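A quick note: this is a predicted structure, and the numbers were derived from the prediction, not measured.
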Amino acid sequence: MKHCNHCANTSLNSGYVEMMIDCIRTNQVCAEICSTTAKILSLSYENVDDLVDYCKTICQACARECSKHNNEYYKSCSDACQKSVEACNIYLNKTLSA
C-alpha cells in the first residue's frame with residue numbers, strides 16, 4: 001500500500017502525468033484494495049476469499065504496470081506488489097486446504 005501510494009504520488013509529480021495515467025490509477029486502486037483487504041482480514045471475518053483473490057489480481061496488474069518503467073520507485077512498487085500476490089496465494093491455499 002505504501003509503495004503504491006508513493007509510486008502514484010511520484011508519477012503525479014513527474015511532469016508526465018498523461019503518459020503515466022494507467023500507472024497512477026492502478027497504483028491508487030491497488031493501495032485501496034490492499035488497505036481494505038488488510039482491514040477486513042484483521043477482523044477475522046469469514047468468507048473473504050473472493051476479496052483476497054481480487055486483491056491478488058489487482059496486485060498482479062500493478063506489478064506488471066510498474067515493471068514497464070525503469071525508475072527505482074517503480075521497481076520497488078512492482079516488487080512489493082509481487083510479494084502481496086505471494087501472500088494472497090498463501091492465504092488462499094491455506095483456506096482451500098482447511
Going from [atom1] on [X] to [atom2] on [Y], what distance comes out if it is rounded to the nearest 0.5 angstrom?
X   : Y   : atom1 : atom2 : result
I33 : C62 : CD1   : SG    : 12.5 Å
Q60 : C55 : CD    : SG    : 10.0 Å
H6  : S76 : NE2   : OG    : 7.5 Å
Q28 : N5  : CD    : CG    : 8.0 Å
L12 : I24 : CG    : CD1   : 4.0 Å
C59 : N89 : SG    : CG    : 10.5 Å

Please say yes or no: joined through hydrophobic side-chain contacts below 4.5 Å, possibly via intermediate residues, are [X] and [Y] part of one cluster?
X   : Y   : value
I40 : V29 : yes
I58 : L41 : yes
Y45 : L92 : yes

Nearest heavy-atom neighbours spanning [X] and [Y]:
X   : Y   : value
K56 : C88 : CB-CB, 3.7 Å
E65 : H69 : O-CD2, 3.2 Å
C77 : N27 : SG-ND2, 3.6 Å
A63 : Q82 : CB-OE1, 4.0 Å

Checklist entry - Are any non-hydrogen side-chain atoms of C23 and C66 less than 4.5 angstrom apart? => result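 Counting from C-beta outward, C23 and C66 do come under 4.5 Å.
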
Checklist entry - Are any non-hydrogen side-chain atoms of C81 and H3 less than 4.5 angstrom apart? => result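 Of all side-chain heavy-atom pairs linking H3 with C81, none is under 4.5 Å.
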
Checklist entry - Can a salt bridge be assigned to the pair D79 and K75 using a cut-off of 4.0 Å between side-chain N and carboxylate O? => result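 Answer for the salt bridge query: yes.
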
Next on the checklist: Under a 3.5 Å threshold, yes or no: a donor from one side chain and an acceptor from the other, between T37 and Y54?
Outcome noted: no

Item to check | Of Y73, Y16, Y74, the residue whose pairing with S11 passes side-chain hydrogen bond (donor to acceptor under 3.5 Å, both in side chains) | outcome: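 Single pass found, and it is Y74.
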
Checklist entry - Got a donor-acceptor contact below 3.5 angstrom from the D53 side chain to the D49 backbone? => result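 Pair absent, no side-chain N/O of D53 close to backbone of D49.
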
